[in-house]
Amino acid sequence: MAYEYRPAWMEIDLGALAHNYKQLADLYGGTKICAVVKADAYGHGMIPVAKKLHALGVDFFAVATIIEAQTLRAALPDVDILILGYSPIEAADVLIEKNLIQTLYDVEQGKAFHLAGLKHDRPLRVHVKVDTGMRRLGFSANAAGVNAIENLHGLKGLAVEGIYSHFARADEIDASAVHAQGQLFIAVLEALSIRGVTFKLRHICNSAASARFPEYYFDMVRPGIVLYGQPPSEAVALEALELREVMCVKANIAMVKSVDKGDGVSYGHRYHLPETMNIATIPVGYADGLLRGLSGKAHVLVDGEPCPIIGSICMDQCMVAVGEKTPKMGDEVVVLGGNVHPMVSVAAYAKALGTISYEITCQFSLRLHRQYTE
Ligand SMILES: *Cc1c(COP(=O)(O)O)cnc(C)c1O
């Protein structure tokens with residue numbers, strides 16, 4: 001397709017990804033890394049991201065769904081792929097045939113997977129999940145949960161290779177909830193160990209926890225957002241890490257015009273110009289991921305300077321006040337990311353929208369062609 005003629009695109013800096021990865025690998029000091037590449041690597045493109053990380057030495061990946069797992073398997077035949085989410089019992093054959101690792105948190109599901117493993121004469125690989133406080137997926141961190149895990153561990157049709165949990169509040173300054181969950185996880189591991197039930201891979205740390213709590217590394221960490229150069233939250237900014245934004249959305253200006261003082265701009269004329277000035281129309285809109293809620297709250301970098309998006313963001317375009325500047329049709333602007341200016345950072349967009357950086361990068365759609373640079 002003629003992507004070269006679409007004047008809006010996404011640049012994915014695999015060099016920045018490598019930079020982030022190396023910083024993190026140093027920090028983790030040899031702890032095994034499970035790179036989280038779910039949701040198309042948080043909008044960065046799962047396959048190129050996973051291939052780059054694989055070339056850097058990552059051999060363990062996490063995805064959310066069986067579709068994502070199969071897509072990744074087709075590109076990387078030999079890596080370990082953990083599915084973090086729910087796969088129905090009917091998926092057992094595919095899980096075994098594609099050598100995927102399924103998260104397990106239910107006895108009936110475990111028994112069905114065991115039977116499938118026997119049928120294939122090849123155990124279905126699982127990591128058991130324990131709910132230590134997220135209240136999402138996982139066996140309860142109590143005696144009943146421990147019994148269930150012990151029973152499943154003995155089933156021949158399952159290869160129980162790991163056990164894990166997930167922090168609900170690792171991105172807040174107050175660490176008390178993290179310690180409560182971490183200690184509960186340790187208690188479950190000890191209760192199982194007393195019964196002779198041990199695991200090759202124990203893990204609980206997401207990005208935020210992995211940067212702050214080495215005492216909970218166990219055998220593996222599961223960073224996602226930090227690989228893409230985004231701090232997990234405003235509170236946990238991780239300035240010491242020097243993360244680089246991997247995603248950058250760019251566009252060529254579609255039109256520049258002088259607009260009179262008092263004129264309304266865009267649908268509904270919700271914005272009126274306080275002064276006569278130049279306005280640039282940018283061919284990126286909410287269908288590309290530039291959410292309409294950002295209207296009046298975000299900036300675009302024109303000529304290296306942040307200029308405000310004014311009026312409502314349209315489906316395919318938005319308008320930017322460039323003041324006295326006189327950019328030309330076709331000039332390149334930075335809409336988001338790329339580590340070029342804090343006012344167009346993913347974090348700034350997230351803050352403007354009252355959301356998290358994760359939602360911003362995931363939001364940028366495939367209508368923007370992704371160009372990968374090293
Ligand atoms: C998404 C996810 C991660 C990665 O979270 P980040 O905050 O991006 O590091 C780790 N573990 C589980 C279970 C997840 O769902």
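Order of listing sets the numbers, starting from 1, for every ligand and every atom in it.
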query: Do the charged groups of E97 and R122 touch, with an N to O distance under 4.0 Å?
result: no
message: Check for me whether the distance between the ring centres of H341 and H299 falls short of 6.0 Å.
response: no
message: Suppose we call two aromatic rings close when their centres sit under 6.0 Å apart. Are F218 and F185 close by that rule?
response: yes
- prompt: Do H153 and F199 make the cut of ring centroids closer than 6.0 angstrom?
  reply: yes
- prompt: So, the side chain of H272 versus the backbone of G262: is there a donor-acceptor pair under 3.5 Å, distance only?
  reply: yes
field: Linked hydrophobic residues, I279 as query - side chain contacts closer than 4.5 Å
entry: V259, V265, Y271, L273, M277, I310, M319
Dump the pairs for me: ligand 1 N or O, protein N or O, distance under 3.5 Å, to 0.1 Å.
{"unit_1": "ligand 1", "atom_1": "7 (O)", "unit_2": "Y358", "atom_2": "OH", "d": "2.6"}
{"unit_1": "ligand 1", "atom_1": "8 (O)", "unit_2": "Y42", "atom_2": "OH", "d": "2.6"}
{"unit_1": "ligand 1", "atom_1": "8 (O)", "unit_2": "I225", "atom_2": "N", "d": "2.8"}
{"unit_1": "ligand 1", "atom_1": "9 (O)", "unit_2": "S207", "atom_2": "N", "d": "2.7"}
{"unit_1": "ligand 1", "atom_1": "9 (O)", "unit_2": "S207", "atom_2": "OG", "d": "2.5"}
{"unit_1": "ligand 1", "atom_1": "9 (O)", "unit_2": "G224", "atom_2": "N", "d": "2.9"}
{"unit_1": "ligand 1", "atom_1": "11 (N)", "unit_2": "H166", "atom_2": "ND1", "d": "3.4"}
{"unit_1": "ligand 1", "atom_1": "11 (N)", "unit_2": "R222", "atom_2": "NE", "d": "2.9"}
{"unit_1": "ligand 1", "atom_1": "11 (N)", "unit_2": "R222", "atom_2": "NH2", "d": "3.2"}
{"unit_1": "ligand 1", "atom_1": "15 (O)", "unit_2": "K38", "atom_2": "NZ", "d": "2.7"}
{"unit_1": "ligand 1", "atom_1": "15 (O)", "unit_2": "R136", "atom_2": "NH2", "d": "3.2"}

